[in-house]
Amino acid sequence: MVEISLTNTRTRTKERFEPIDPKNVRVYACGPTVYDRAHLGNARPVVVFDVLFRLLRHVYGEDAVTYVRNFTDVDDKINARAAETGRPIREITEETIGWYHDDMDALGALRPMHEPRATDYIGQMIAMIEDLIRKGFAYEAEGHVLFDVRKFPEYGKLSGRSLDDMIAGARVEVAPYKRDPMDFVLWKPSTDDQPGWDSPWGYGRPGWHIECSAMSAELLGDVFDIHAGGIDLQFPHHENEIAQSRCAHGTEVMAKTWLHNEMLQVEGKKMSKSLGNFFTVRDLLDQGIPGEVIRFVLLMTHYRKPMDWTAEKVREAESTLRKWRGLTEGIEPAASPAPAVIAALADDLSTAGAIAALHDLARAGDAASLKASAQFIGLLGDTAGDWDNRKSHRVSAALLRLIELRTQSRNLKDYATADAIRDGLGEAGVQIVDAENGPHVQSDVLRLIEWGKRAGLITGLHSKLGAPDHLEYQIYDAISREVLAKIESSGSDQ
RNA sequence: GGUGGGUUGGCGGAGAGGUUACGCACCGGAUUGCAAAUCCGUGAAGACCGGUUCGAUUCCGGUACCCACCUCCA
C-alpha cells in the first residue's frame, strides 16, 4: 500500500495520511460562489485537488473515495449581479454552474461525486443553527443569529490567531448587536426583494459559512478525512466552519486533515481587476491555450507555494506537451502509472516532482509508461488535450494557397519566396514545419494572441458572453491573406 | 500592528548533511536548402551574517527583502 503524506494545516506538520475508514475516504473541497465565470485562481485548487482525488482513488480504490465540492448559490454577490442585470437569481446561478462545468472539464478535472448547492440544504442549515442556539453557542439578536466565539475557546487555532489579536487589528465596523466583535452571522434577515426562507427567526437567509458545515455533515458525516481549499479561506471561512461544526456535533475535529493551496499571481503580481491582469479560464481557452496546457502550468508549482502565471510557463508547458504527445502517439499506455510518479504525488502531492519523473520516463524512451503516468494526472488524455489535432479547423483557403506556393517555390529552388512565406506567417506565430510527410502548420499560441490583439481580432480579456467562434481560424486566415497579398504583389512586379 | 508563507544557476523548479535533480533558454556538435523537430555534449546555483559539524544550499539562531491573509475572495 502506498503511503500518502500530506501537510496538515491544522497541525502544521507533514503527516502520514491514514483514513478514518479506508473503504470510504471522504474529502470536501470548498467550491465557487456562482455569480461569474471562474477565474484562473479558482482553477488552481480544482486541478490540485483533482490530482489528490485521483491519487486517493489509485491507493484506496475507485469506489472507496467520496469527493464533495459545493456550489455556493446564495450570496450577496449573486444578489448584486441579479439586481444589476435584472435577471432572476436562479437563471444566473444555473448558467454559471454550466460554465463552471465546461471550464473545469476543459482542464481535465474529474467531476466530484457530489456537487451540492447551498439552496438545497437550507433545512439542514436551519436545524444546525437551532442546535447551536440550544447548546448555547449561538444567540439571536435583531433578526440575526450569531455565533458566540467566546464560547469556543479554540476559535482561531486553525489560522494561528488569538481573538484578542484579531480584535486589535480589525478594520471592520462592528455591528452593535454583537456580543463580541468577532461573532459571525449564521442567519440574517432578508427584505422582500432578497432571496429568503422562512425560519424560526423570520424570513431570511443563511450566513456564508454555515452551508459548508451543513453540507459536509449531511454528505460526509460529522468528522471526515480531508477538507481542502485556498489559503485565503483559512480565515475566516474555515475557522468559522470548524467552530460551527465542532460545537454542533461535539467533536474534537471537523476534518482530520486540512489542506490549503497558496495563491496565484500573474507575472509576479496579484491577479486583480484593477491591475488589468485578471482573466478567466474561458478567456485563456478562447485564446487558443489548450486546457491541458493550463493544467500543466498549474501542476508545475507545488500547491503550497505561491504560483506565478507567466507567458514563459505557458510556452514551456506547450512545448513539453507537444514533445510528449509526439513521443506517445499511437502507443498503448502501460497498465499502471510509474511508481516514481505515484511516489512523488504521495509525498505531499508533489506535482512538480511527478512532472520531473515524467521527464525521466520521456528521456528513457518509455513511452507506454509515460503515457499511463501522464494520463494518471490528467495529461495526454484523448480529449482533455485535444489541441494538436485541430489543424483542420485553422486552415483557410488563403493558408492552403500559401503552403502550395511555398512548396512550388521550394521545388524550383526559389528559396527567397519560400522563406518569405514562412517568415511572414511567423510574424503571427504561425509556423510552417517541413516534416517527412509534407509541410504542416503549428502555432505559437502566445504570439498568435499577441498578433490577434494588434490586428484588433481579440478585444478585451474578460469575456463574459463567450468567445467569438473560431478566433484562431480568423487569426490564421488574416495573417495568411496579408502574406499572400504581399507575395503576389511582389511576384507581379517581376 | 497581528498571522502565515517564501528567498536555489539566465528563467522555472525539486530532493538529499558529503556523489549530475530535472525542464526551458544559452553555447558547441550531428542532421537540415534554410528553419523546426530530434540526437549528443559543455557550462552555470542555493538572499545575507553567525553557530553546530571533519564537512551545510540542506540543521540552529539572527538580519534583510518579497508575498499573502486579517474586509468579499480559491
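Throughout, a chain's letter reflects where its sequence line sits, starting with A, and its residues are numbered from 1. Just so it is clear, the values below take in all heavy atoms, side chains as well, and ignore hydrogens, waters and symmetry mates.
A distance of about 7 Å separates the C1' atoms of B:C48 and B:A64, rounded to the whole Å. Of the P atoms belonging to B:A74 and B:C69, the separation is 12 Å, rounded to the nearest Å. Nucleotides B:G43 and B:G17, compared at atom C1', are 26 Å apart to the nearest Å. With P as the reference atom, B:A21 and B:G41 are 16 Å apart, rounded to whole Å. Using atom P as the reference point in both B:U7 and B:A14, the two lie 8 Å apart (nearest Å). Only the P atoms considered, B:C60 is 15 Å distant from B:G15, to the nearest whole Å. B:U3 sits 15 Å from B:U71 when the P atoms are compared, rounded to a whole Å. Rounded to the nearest Å, the gap between the P atom of B:G4 and that of B:U63 is 15 Å.
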Inset, instruction - Take nucleotides 26-41 of chain B nucleotide by nucleotide from the 5' end and write B, S or -, depending on whether a protein heavy atom sits under 4.0 Å from the base, only from the sugar-phosphate, or from neither. - result: -------BBBB-S---
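The aromatic rings of A:Y155 and A:F152 sit perpendicular to each other, their planes meeting at more than 60°, with 30° as the lower class boundary. Note on ring orientation: taking the six-membered ring where Trp is involved, the planes of A:H227 and A:H238 are perpendicular (angle over 60°, cut-offs 30° and 60°). Note: A:F224 and A:Y28 have tilted aromatic rings, judged against thresholds of 30 and 60 degrees for the angle between ring planes.
As judged by a 4.0 angstrom heavy-atom cut-off over every strand, A:T301 is placed among residues touching the sugar-phosphate backbone only. Nucleic acid contact for A:H260: none, since no nucleic acid atom lies under 4.0 Å from a heavy atom of the residue. Among the heavy atoms of the strands lying under 4.0 Å from A:M300 are primed sugar atoms or P, OP1, OP2 only; no base atom is included.
Aromatic ring centres of A:W187 and A:H144 lie farther apart than the 6.0 Å criterion allows.
Ranking B:G23, B:A14, B:C22 by closeness to the A:T320 side chain, first place goes to B:G23. Of all nucleotides listed (B:A14, B:G5, B:C72), B:C72 comes nearest to the side chain of A:W208. Distance from the side chain of A:D232 is smallest for B:C73 among the nucleotides B:G13, B:A14, B:C73.
Projected onto RNA chain B by closest heavy-atom contact, A:A356 and A:Q234 fall at different nucleotides, the more 5' of which corresponds to A:Q234. Toward the 5′ end of RNA chain B lies the nearest nucleotide of A:D360, the other residue of the pair A:G41 and A:D360 mapping further downstream.
Partner assigned to B:C69 is B:G2, using Watson-Crick or G-U wobble distances below 3.5 angstrom. Of all nucleotides present, none satisfies the Watson-Crick or G-U wobble test against B:U32 with each distance under 3.5 Å. Pairing partner, B:U19: none, since no Watson-Crick or wobble contact has both distances short of 3.5 Å. In this entry B:A56 has no Watson-Crick or G-U wobble partner, no candidate having both defining distances under 3.5 Å.
If you measure from atom OH of A:Y35 to atom C1' of B:C73, you get 7 Å, rounded to the nearest angstrom. When the P atom of B:C70 is taken as reference, atom NE2 of A:H237 falls 13 Å away, rounded to whole Å. Between the CD atom of A:E262 and the C1' atom of B:C66 there is a distance of 12 Å, given to the nearest Å. The distance from atom CE of A:M263 to atom C1' of B:U3 is 15 Å, rounded to the nearest whole Å. Nucleotide B:G15 holds its C1' atom 10 Å from the NZ atom of A:K14, rounded to whole Å. Taking atom OH of A:Y28 as the reference point, atom C1' of B:A74 lies 13 Å away to the nearest angstrom. Rounded to a whole Å, the CG atom of A:L158 is 17 Å from the P atom of B:C69. Distance, A:N261 CG to B:C69 P: 13 Å, rounded to whole Å.
Under a 4.0 Å N-O distance rule, the pair A:E115/A:R69 qualifies as a salt bridge. A salt bridge is defined here as a Lys NZ or Arg NE, NH1 or NH2 lying under 4.0 Å from an Asp or Glu carboxylate O, and A:K313 with A:E316 fails to meet this definition. For A:R117 and A:D73, the salt-bridge test fails: no basic side-chain N is under 4.0 Å from an acidic carboxylate O. In this structure, A:R295 does not pair ionically with A:E292, as no charged nitrogen and carboxylate oxygen lie closer than 4.0 Å.
Remark: A:R363 is in phosphate contact with B:G23, judged by side-chain N or O atoms under 4.0 Å from OP1 or OP2. Here A:K305 does not reach the OP1 or OP2 of B:A68: none of its side-chain N or O atoms lies under 4.0 Å away. The side chain of A:K313 places an N or O atom within less than 4.0 Å of a non-bridging phosphate oxygen (OP1 or OP2) of B:G13. Proximity of A:S159 to the phosphate of B:U3: no side-chain N or O atom is located under 4.0 Å from OP1 or OP2.
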Legend entry - A:E95 and A:R87: CA distance, side-chain angles, deciding distance, salt bridge (charged side-chain N to carboxylate O under 4.0 Å, His left out) verdict: CA-CA 11 Å; A:E95 178 182 63; A:R87 299 172 64 197; 3.1 Å; yes
Inset, instruction - Determine, stepwise, if the pair A:R406 / A:D434 fulfils salt bridge (charged side-chain N to carboxylate O under 4.0 Å, His left out). - result: CA-CA 11 Å; A:R406 181 166 170 281; A:D434 299 315; 2.9 Å; yes
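In textbook terms, a nucleotide whose glycosidic angle is within 90° of 0 is syn, while B:G10, being further out, is anti.
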